[in-house]
Structure formats: structure tokens, C-alpha cells
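See below for the structure under consideration.
Letters go in sequence order (proteins before strands), and every chain restarts at 1. Quantities reported herein were computed from a predicted structural model and do not represent experimental measurements.
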2 protein chains.
Amino acid sequence: MLEIMDEIVIPDSIRCELEGKGGIAGISGLLPDDLKIEAIVSVARALSDPMRLRVLFALSLQPMCVCLLVAMTGYAYSKMSYHLSVLKESGLVCSRQEGNYLIYYTTDLGKKLVEWIETF
Amino acid sequence: MLEIMDEIVIPDSIRCELEGKGGIAGISGLLPDDLKIEAIVSVARALSDPMRLRVLFALSLQPMCVCLLVAMTGYAYSKMSYHLSVLKESGLVCSRQEGNYLIYYTTDLGKKLVEWIETF
DNA sequence: TTGTGGTTTCAAAGAGGTTTGAAATAGGTT
DNA sequence: AACCTATTTCAAACCTCTTTGAAACCACAA
């Protein structure tokens, strides 16, 4: 089987190091599979908005109903609801019903992530 | 000073717990400041694309010139260049010049992140 | 200096995420 | 049932990110 490496020109320093690792095929074989990549992308996208980050951090300190989050941030219900759904779909938060209220709180993944981010 | 909490209706369970934490103001005071939030958002956005994630993981295994990344992925130069610039601006990768080549490699932050992601 | 190969930049088109306000849903009360 | 309140859903407008191909840039060699 012909490696692409044999056909393209790259600096010697890199060619040597790369060959020791099995070439392009060797590196490619060590990369996360598509499923894992998509899972990471989903979490990263959920974190890539200032408002969602604040909500996630707030929820990690205290479970809250939507009206409380709305009061805290000044955002519209529909907006908050949209962002909560993104956080929920990525597995960072979940919710339980209490009477007329929906109480959102962080999942274990959400907690772990917040803790890790705080170590920076 | 009047707390918003006194004016809105929320479940008692949450009101009690929240009051013990200083109310909305107490929680808000514990949230990361805008600068930190923006830094996290920048990193999260960089990670929120499958191609960039693969490139970041590949670079964590082996420094590579752009032509090698192009050969490995089959993407166009301009596309790769764009994604590398996003990774670079978020501080996950950096580059050094070697003759005619630009060698990209992961920063300490990039390495730490890859390692942490791999623990999942 | 002219040429060549690696890489970036640019503008326009395309795709995808976010905001908005109005309408719908759903639990609880009267 | 009718009603209120908390929350979600929807579609359209809006905005940001990504892709594309052509042109520009830069280091090196002849």
C-alpha cells in the first residue's frame, strides 16, 4: 500500500518523526472516531456562547427555575428557553418538574466541566 | 437594598436554598467575569468544529506543516488555513517557520485540553 | 531578477446559529 | 370548565461562521 507521504514533499525533520509514528495512517488511526468527535463538538458548541456559559455556571451553584434565570439575566423567556435547550441537548444540564415550574440543574458532566474550567 | 427575589414568585425549596447563598446577587457575584467568559468562549468556539478538533488532535501527536495537514485531510489550502487561524487565535496551537514551511504545533493549553478530553 | 512552491488573504456565496414576538402547551387553582 | 402562570414552540428576520476560488505574499533557488 502506497503512503501519501511518499508522494508529497515535507521538511526532513517532520518526515523522520512522522515515519516513526507510522506515517499519516499511523496518526489518523490514533484520532478519535466520528462519534466521539461529534460528542465533543456538541459540548463545545454549547459552551461557545457567553450567555450559556453564565447560565451553566449559575446552575452549578444553584438549581433554578426558568423565571429565576430570566430575572437574573434580564433575557426574554423564549431566548432563555432556546439556550437551555442547547445546554440540555449537549448533556450539560437537565430539568425536573416541580408543580408549575421547571427546575434546571447541572448534570455530572456539566459539574465536571465547570470544575475543570475553574482550574484555569 | 431591594432584591429582585422579593418581587418574583419561585418555589419555596429554591427560595430557601438561594437565600442561604446571598440571593441572585450572591450567585451573580460568584460567576466568572466578562474577560474570563470571553476567553472560554474563544476556546470553546475553536473546539466546536469536527475538522478543527481532528487537526488539534493530530497536531498534539505530531507537529505538521500545512501541506501535510492538507494531504491528510483532503481539504483545500485556504480552508485549512482558515481553521488553523481560528485554532491559533484561541491559543490552542501556534506555528514556527522552517524554510518555506510553516510548522504548526499545539501550545501547552492545547495539549492540556487534548489530554483532558481524552479522559472521557 | 525571475521563477517556484508553500501559505495566507480576500470577497462573495452559502450554511448555520440566534433573536424576536406571537401563539401554543401544560400544570394548578377556582 | 374557565383561568392563570410558567414555559416552550414556531417562523421570520437577522447575524455570524464557513466555504470557495482567485489573487497576493513570502522564502528560497537559479
Take atom CD of E98(B) and atom C1' of dT7(C), then tell me their distance rounded to the nearest Å. 15 Å
Closer than 3.5 angstrom, by distance alone: can the side chain of S60(B) be matched with the main-chain N or O of F57(B) as a donor-acceptor pair? yes
Could you tell me if the side chain of I103(B) sits less than 4.5 Å from the side chain of V66(B), heavy atoms only? no
Interatomic spacing from CG in L56(B) to CG in L92(B) - rounded to 0.5 Å: 5.5 Å
Roughly, in whole Å, what's the span from CG in L87(A) to P in dT8(D)? 12 Å
Rounded to whole angstroms, how far apart are CE on M64(B) and P on dT7(C)? 13 Å
Gap between atoms CG and P, on L102(A) and dT25(C) respectively (whole Å): 17 Å
R52(A) atom CZ is separated from dT19(C) atom C1', nearest whole Å, by 13 Å
In whole Å, what is the span from the CG atom of N100(A) to the P atom of dG28(C)? 7 Å
Rounded to whole Å, how long is the line connecting atom CD of E89(B) with atom P of dT8(C)? 12 Å
Without swapping roles, check the side chain of S48(A) against the backbone of R45(A) for a donor-acceptor pair under 3.5 Å. yes
Enter the distance from L68(B):CG to I24(A):CD1 here, rounded to the nearest 0.5 Å. 5.0 Å
So does K111(A) pair up with E115(A), basic N to acidic O under 4.0 Å? no
One should read off an interatomic distance between C94(B) SG and L87(B) CG, to the nearest 0.5 angstrom, of 11.5 Å
The side chain of Y101(A) is closest to which nucleotide in this list: dT7(D), dT7(C), dG27(C)? dT7(D)
Using a heavy-atom distance cut-off of less than 4.0 Å, which residues of residues 73-83 of chain A contact DNA chain C? S78(A), K79(A), Y82(A), H83(A)
Difference in axis direction between the ends of the helix from dT1(C)-dA30(D) to dT30(C)-dA1(D), five pairs, 10°: 10°
With the threshold set at under 4.0 Å for non-hydrogen atoms, list the residues of residues 41-51 of chain B touching DNA chain C in residue-number order. none
Taking the side chain as every heavy atom from C-beta outward, state whether I14(A) and Q62(B) have any pair of such atoms under 4.5 Å apart. yes
In this structure, how many angstroms lie between the P atom of dT18(D) and the CG atom of L84(B), rounded? 13 Å
If we only count heavy atoms from C-beta on, is the L31(B) to L61(A) side-chain gap below 4.5 Å? yes
Does some side-chain heavy atom of M80(A) sit less than 4.5 Å from a side-chain heavy atom of M51(A)? yes
Nearest 0.5 Å, what's the OH-CZ distance between Y104(A) and R96(A)? 12.5 Å
